[in-house]
Student: 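One structure, as structure tokens, below. Some questions next.
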Protein chains: 2
Amino acid sequence: MPANLDEIDHHLLDLLQQDSGRTLAELGDLVGLSPSAVQRRVERYRASGLVRREVAVVDPSAALLAVCLVTLDHESPEEHARFREWVLAAPEVQQLYNVSGDHDYVVVLATTGMPHHRRVADRVLKSAPGLRRYSTMFVLDPVRTSLTVPTRDA
Amino acid sequence: MPANLDEIDHHLLDLLQQDSGRTLAELGDLVGLSPSAVQRRVERYRASGLVRREVAVVDPSAALLAVCLVTLDHESPEEHARFREWVLAAPEVQQLYNVSGDHDYVVVLATTGMPHHRRVADRVLKSAPGLRRYSTMFVLDPVRTSLTVPTRDA
DNA sequence: TCTGAAAGTTTTCATCC
DNA sequence: GGATGAAAACTTTCAGA
């Protein structure tokens, strides 16, 4: 699915992950291609599923973020499925990762403030199916937030 | 800075955080406003800094993600500043959070695979200034990845 | 002050080479 | 990969509520 990418593709994907608001002409200038050629490549990224969508990034300091480490009871596939479904139902779950190690999931909660966070933590995590325990780290400073992914080694 | 937001603003911001690829006309239909009115509001979000930018989201399964918990030695402001500067220099640091609790930072690393990860972990984390220790949780499944932030309580 | 509509400009899209 | 014309989107302006 992820077609072979050349240097220009890596450059374009870097640029698009930084700021997708640029025009095809601007992108063309930056990577040394015509707007048409850029358009073809960008369309290819979308069609292949490499680029999923474009989103607006809201200032994270407008929110209270918390990173929670979750451990489940039994680790059975059914338990995992139920837990995921339950947690994903909450829009405040900004990120959900199944991870290796002592914990099973890392959950990033984004809320409007502490009252909101307490409600969400109680309703979503504390009463989640299969939950053994969880701990919460509040984000004091979101130094960097992004979804940027390298398309090749540095 | 964050102007008072009405119901339509919340709705618009939800939509834009989900998918900013829609046209002003489409957004207008969804929130019940004319394209011009939508454009004015969107421009206001940008000007106020509430919306930072628009980015292309690359399929996270194209990468190896790891969540690292970092503890520093002394906790002095200077140590924090040096650590941040050092870590932020690496483009593979997708997210960096200063957090409360036993650990000082949560670092999300995005790499192209295990060889790349090892190099980055060695170069960026293991030799970071002021580092006492860190642990790594590899992401087995990025169930949900987003930067979505609620602009009001649910 | 905010809205909606229309004119003018830019960008994107599709087809050509 | 580049270039062109058509379609679509965006930006600006203006008048009304």
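Convention: sequence-line order gives letters A, B, ...; per-chain numbering from 1.
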Student: Can you tell whether the side chains of A:E92 and A:R119 come within less than 4.0 Å, N to carboxylate O?
Tutor: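 Looking at A:E92 and A:R119, the cut-off is not met.
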Student: Need one value for A:E43: base, sugar-phosphate or nothing, where a base atom within 4.0 Å counts as base even if backbone is also close, heavy atoms only.
Tutor: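 If one applies the 4.0 Å heavy-atom cut-off, A:E43 turns out to touch nothing in the nucleic acid.
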Student: Are A:Y45 and A:L13 close enough that some pair of their side-chain heavy atoms sits under 4.5 Å apart?
Tutor: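 Yes, close enough: below the 4.5 Å cut-off.
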Student: What is the distance, to the nearest angstrom, from the CZ atom on A:R22 to the P atom on C:dT12?
Tutor: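 A:R22 atom CZ is separated from C:dT12 atom P by 12 Å.
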Student: Testing B:Y97, B:W86, B:F83 one by one against B:Y105 for a ring pair (Phe, Tyr, Trp, His ring centres under 6.0 Å), which residue passes?
Tutor: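 That would be B:F83.
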Student: Could you tell me if the side chain of A:V139 sits less than 4.5 Å from the side chain of A:L64, heavy atoms only?
Tutor: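 Contact flag for A:L64/A:V139 side chains = no.
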Student: Does C:dC13 have OP1 or OP2 sitting under 4.0 Å from an N or O in the side chain of A:Q39?
Tutor: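 For C:dC13, OP1/OP2 do have a side-chain N/O of A:Q39 under 4.0 Å.
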Student: In whole angstrom, give the distance that lies between atom CG of A:D29 and atom C1' of D:dG2.
Tutor: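 Those two atoms, CG and C1', are 14 Å apart.
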Student: Mind calculating the distance between CD (A:E54) and C1' (C:dT11) to the nearest angstrom?
Tutor: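 A:E54 atom CD is separated from C:dT11 atom C1' by 14 Å.
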Student: How long is the line joining CG of B:L24 and C1' of C:dT12, in whole Å?
Tutor: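 So the CG-C1' distance, B:L24 to C:dT12, works out to 14 Å.
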Student: Output the rounded distance in Å from CZ (B:R40) to C1' (C:dT3).
Tutor: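 Interatomic distance, CZ of B:R40 to C1' of C:dT3: 6 Å.
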Student: Would you state whether a donor and an acceptor, one from the side chain of A:S34 and one from the base of D:dA3, lie under 3.5 Å apart?
Tutor: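 Absent.
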Student: If you check every side-chain atom of B:A37, which of D:dA3, D:dT11, C:dG4 has the closest atom?
Tutor: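 So the side chain of B:A37 is nearest to C:dG4.
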Student: So what does B:T23 touch, heavy atoms closer than 4.0 Å: a base, only the sugar-phosphate, or nothing?
Tutor: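 Touches sugar-phosphate only.
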Student: Less than 3.5 Å between a donor and an acceptor, one on the side chain of A:R41 and one on the base of D:dG1, is that the case here?
Tutor: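 Result: no qualifying N/O pair found.
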Student: Within a 6.0 Å radius of atom CG on B:D6, are there more than 12 heavy atoms belonging to other residues, nucleotides or ligands?
Tutor: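 Correct, the count exceeds 12.
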Student: Once you round it to whole Å, what is the distance between P of C:dC2 and CG of B:D6?
Tutor: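 My rounded result for the distance is 10 Å.
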Student: Could you give the CG-to-P distance, from B:D9 to C:dC2, as a whole number of Å?
Tutor: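 Rounded to the whole Å, the gap is 10 Å.
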Student: Could you give the CD-to-P distance, from B:E26 to C:dT12, as a whole number of Å?
Tutor: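 Result: 16 Å.
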